[in-house]
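Everything on this sheet refers to the single structure shown next.
Side-chain atoms are counted along with the backbone in the values below, which use heavy atoms only and exclude waters and symmetry mates. Residue numbering restarts at 1 for every chain, and letters A, B, ... go by the order of the sequence lines.
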Protein chains: 2
Amino acid sequence: MRKRPGNGAARPAGDEIGLDALIGHAGYAVRRFQIWIFQDFIRTLAAVDIRPTQYSVMTVIGANPGLTQMAVAKRLGIERARLVHLLNSLERRKLVKRIKSKSDRRSHALHLTAQGEASLDQFKRLAAEHERHVEEKLGKQNRARLLQILADFT
Amino acid sequence: MRKRPGNGAARPAGDEIGLDALIGHAGYAVRRFQIWIFQDFIRTLAAVDIRPTQYSVMTVIGANPGLTQMAVAKRLGIERARLVHLLNSLERRKLVKRIKSKSDRRSHALHLTAQGEASLDQFKRLAAEHERHVEEKLGKQNRARLLQILADFT
DNA sequence: AAAGAATGTTGTTGACGACAACAATTGTCG
DNA sequence: CGACAATTGTTGTCGTCAACAACATTCTTT
């Protein structure tokens, strides 16, 4: 017989709550960490209203001008259907432009506008600040190890 | 002057696409990894139709019977509003039951049903299989390091 | 006893992944 | 060459998820 209140009394949170099998699951730790890191990114770049996915799209386009939407979507692992909306938003803000391709009239060549390039520089500075928060949270060496461990997924 | 096709020719994906600043961002790597690991979890537990969040809720309740909904939500970092729907679903499946608390008539004491406990054992075996997939993907030592690095977020 | 806080519930919003269908265009292959 | 399949961008739906706001019921505080 276990000593336990007879199912009627709820336990608010006075004593510690064990996670049991969850502590051995990488996915659980990764999810919690991912929530934290995205919140910090969004907060750090709130002044420029840029979210992680938008930042990743602009960075890839900036480094590889002329890419197709399919190419960007594949490279970043996002749905091409979703990229359409992301680009619509970025294009409305004059940060990105779609140029109709001559060689393949189905596709668009993606480029940053002049304003987009200037803005991206600022975004990168803010993102670097966010990354310093990560370093403070994890420790310099742990962050480096983490990047190394997950390098295959990029 | 940069040598570059005159903005009209799109680049499908022939050559490699550089990630530029993204490779130095832990958040990007974590996001890609999280997508992979959740997909594997869902696939591995597809036969029992259990998703990561449902598994985490049942595991915590199983290890700490009588917890309040607020206590579970806080411990797992999920919205209490969201936990309501999760518990509705689990209760419909006769895996979890809400018992009205005598001491605090606002709250519910959460317990696994007998079927819930038996099912959770099976879920844990499948989750362990999923964790072996993670180990194969990352390497035994890298997975251990990852868990250690992110231990503070659990 | 009155004011305030906590708990569970309902609802809305927006980001996100997954999927299906479609038109326009290109590639393939008989 | 011409029929058929594949690709690209687009639109739409569905379900998951985090974040917030509002509410009734029930403690807690003062």
Enumerate the salt bridge (charged side-chain N to carboxylate O under 4.0 Å, His left out) contacts for residues 23-47 of chain A, please, sequence neighbours excluded, ordered by first and then second residue.
A/D40-A/R43
The complete set of salt bridge (charged side-chain N to carboxylate O under 4.0 Å, His left out) pairs with one or both residues in residues 67-80 of chain B, sequence neighbours excluded, reads none
Residue pairs passing the ring pair (Phe, Tyr, Trp, His ring centres under 6.0 Å) test with at least one member in residues 54-91 of chain A, sequence neighbours excluded, are A/F41-A/Y55, A/Y55-B/H25
Using a cut-off of strictly less than 4.0 Å between a heavy atom of the residue and any atom of DNA chain C, enumerate the qualifying residues of residues 22-34 of chain A by number.
none
Scanning both residues in full, the closest heavy-atom pair of A/K97 with A/T113 reads NZ-CA, 3.9 Å
Review item, side-chain donor-acceptor pairs of residues 145-154 of chain B, under 3.5 Å, at least two apart:
unit_1, atom_1, unit_2, atom_2, d
B/R145, NH2, B/N142, OD1, 3.2
B/T154, OG1, B/A151, O, 2.8

Residues passing the side chain to side chain contact (heavy atoms under 4.5 Å, CB included) test with A/E135, sequence neighbours excluded, are A/K140, A/R143
Once base and sugar-phosphate atoms are separated, protein heavy atoms under 4.0 Å mark nucleotides 19-24 of chain C, 5' to 3', with B, S and - as B-B--B
With sequence neighbours left out, write down each residue that passes side-chain hydrogen bond (donor to acceptor under 3.5 Å, both in side chains) with A/Q69, or none if nothing qualifies.
A/R98, A/H108
List the residues meeting side-chain hydrogen bond (donor to acceptor under 3.5 Å, both in side chains) with A/R51, not counting sequence neighbours, and say none if there are none.
none
Mind checking A/I35 for me? I need base, sugar-phosphate or nothing, with any heavy atom below 4.0 Å counting as a touch.
sugar-phosphate
Of the nucleotides C/dT10, C/dC16, C/dT7, which has the atom closest to the B/N88 side chain?
C/dT10
